[in-house]
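Some notes on the structure that comes next.
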Amino acid sequence: MFDELRFPVIAAPMAGGPTTPGLVAAVTAAGGFGFLAGGYLSAEALADRIAKTAELTGAPFGVNLFVPGGAASADLDGHVQRWRAEAERYGVELGEPRWDDDAYNAKLEVVLKWKVPVVSFTFGAPSPDDVERLHGNGSKVAVTVTSPVEADRAVAVGADALVVQGFEAGAHRGLFADEPGVEGGGTQYGVLSLLRLISARTDLPLVATGGLVHGADVAAVLAAGAVAAQLGTAFLRADEAGTQPAHRQALAEGGRPTAFTRAFSGRPARALVNRAVTDFSATAPSAYPEINNLTKPVRAAAGKAGDREVMSLYAGQTYELAGSGPAASIVERLQTEAREAATRLSRLR
Ligand SMILES: Cc1cc2nc3c(=O)[nH]c(=O)nc-3n(C[C@H](O)[C@H](O)[C@H](O)COP(=O)(O)O)c2cc1C
């Protein structure tokens with residue numbers, strides 16, 4: 001799987017706006033592979049994006065879905081009050097802190113209907129029945145994992161590939177279950193350590209993801225046994241990405257560290273440190289998607305106003321090294337750098 005790519009770089013699914021059909025098509029045309037982000041979308045909106053992407057590229061592409069978890073048991077009141085003050089500043093209503101399943105089953109039907117070649121899952125493994133349906137329909141299944149234990153679970157349901165996510169990665173950790181009170185929500189493995197640990201347990205193709213921003217990083221994970229590298233932040237400022245202007249500016253300016261926070265969504269996610277991260281992280285409950293639904297209107301208002309102190313500025317650890325411009329030029333640069341890195345490896349011969 002992914003062996004046939006001209007250049008084994010995958011544009012990560014980035015829900016919430018950054019991933020567009022244009023981005024997926026451009027990375028595909030440049031010799032890579034792209035995933036549409038199904039997360040947060042209605043089934044109709046996902047179908048629309050699949051149709052648009054299919055119009056733009058004749059090449060295969062993937063779709064990513066969020067696996068729903070259980071309803072939160074944490075007390076949300078304190079966090080609701082803290083975000084109420086922010087909502088009042090923008091004159092918007094807070095969202096309802098309700099659980100939902102992200103229209104999982106309806107979106108599964110959409111990817112089945114469209115016979116999407118690769119369907120990746122995040123926040124858990126799909127059921128063996130769903131994997132069987134996808135297989136029967138000609139789709140391959142990839143599962144995002146953040147630990148060896150999660151990798152075992154993904155293998156057990158019949159996954160065809162694992163997306164091995166290191167703690168360097170931007171936005172949400174793909175954790176199957178968030179451990180309340182634990183920073184980052186569970187043991188944090190760097191991408192190379194995790195690749196090594198997981199490749200000692202399975203022969204499935206592994207896609208490496210997390211903090212990869214340079215062609216040498218792509219070469220490094222291939223050398224470590226990955227079949228492809230999945231990059232998110234590297235494409236956040238691509239011309240074709242739907243990243244909000246204020247988010248782009250904050251990334252371009254640099255200077256802020258990144259940290260894990262549950263402040264915006266109730267699940268650990270890596271974001272640039274701003275006032276919301278500083279003030280709300282310590283007390284943010286483990287309650288996804290309740291907190292995501294709660295803060296959505298405030299984050300949208302902050303985004304519109306260009307208020308970088310309240311927006312969720314999700315990004316990976318190496319964001320300051322990511323470039324901008326057409327996605328094709330980003331892929332081309334990665335390819336040149338990867339070749340240079342491969343040349344350096346010749347001293348091992
Ligand atoms: C803004 C943003 C949104 C993301 N949304 C998703 C998503 O919807 N599904 C998913 O599996 N991963 C998502 N990710 C994580 C990526 O798949 C990938 O693991 C991560 O971008 C890798 O780290 P990097 O950003 O340093 O390249 C997102 C990442 C970012 C930066």
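As the structure lists them, so they are numbered: ligands from 1, and atoms in each ligand from 1.
For Gly211, the heavy-atom gap to ligand 1 drops under 4.0 angstrom. Proximity of Gly39 to ligand 1 is not established, as no heavy-atom distance is less than 4.0 Å. Ligand 1 does not have Gly174 within reach: every non-hydrogen atom of the residue lies 4.0 Å or more from it.
Within ligand 1, counting atoms from 1 as listed, the ones closer than 4.0 Å to a heavy atom of Met14 are 2 (C), 3 (C), 4 (C), 5 (N), 6 (C), 28 (C), 29 (C), 30 (C), 31 (C). Interface of Thr209 with ligand 1, defined as ligand atoms under 4.0 Å from a residue heavy atom, comprises 18 (C), 19 (O), 20 (C), 22 (C). Every atom of ligand 1 is numbered from 1 in the order shown, and the set under 4.0 Å from a heavy atom of Phe66 is 7 (C), 8 (O), 9 (N).
Among Ala142, Gly170, Ala169, Gly316, the residue whose heavy atom sits closest to atom 15 (C) of ligand 1 is Gly170.
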**Q.** Intermediate values then yes/no, side chain to side chain contact (heavy atoms under 4.5 Å, CB included), Leu36 and Thr19
**A.** CA-CA 6 Å; Leu36 282 176; Thr19 292; 4.2 Å; yes
Q. So Phe123 and Phe121, ring pair (Phe, Tyr, Trp, His ring centres under 6.0 Å) or not? Walk me through it.
A. CA-CA 7 Å; Phe123 301 154; Phe121 292 86; over 10 Å; no
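Only the side chain of Gln165 comes within contact range of ligand 1, with a heavy atom under 4.0 Å; no backbone atom does. Contact annotation: for Thr122 versus ligand 1, heavy atoms closer than 4.0 Å belong to the side chain alone.
For the atom pair Phe66 CZ and Asn64 CG, the distance stands at 6.0 Å (nearest 0.5 Å).
For the pair Arg173 and Phe167, the cation does not sit on the ring face, since its NZ or CZ is not both under 6.0 Å from the ring centre and inside 45° of the axis.
Here Glu96 pairs with nothing under the salt bridge (charged side-chain N to carboxylate O under 4.0 Å, His left out) rule; sequence neighbours left out.
Taken together through direct or relayed side-chain contacts under 4.5 Å among Ile, Leu, Val, Met, Phe, Trp and Tyr, Leu134 and Phe61 form part of one hydrophobic cluster. Tracing side-chain contacts under 4.5 Å through hydrophobic residues (I, L, V, M, F, W, Y), one reaches Leu197 starting from Val143; they form part of the same cluster.
Of the protein's heavy atoms, Pro13 O, 3.5 Å lies nearest to atom 14 (N) of ligand 1. The protein heavy atom nearest to atom 30 (C) of ligand 1 is Ala171 CB, 3.4 Å.
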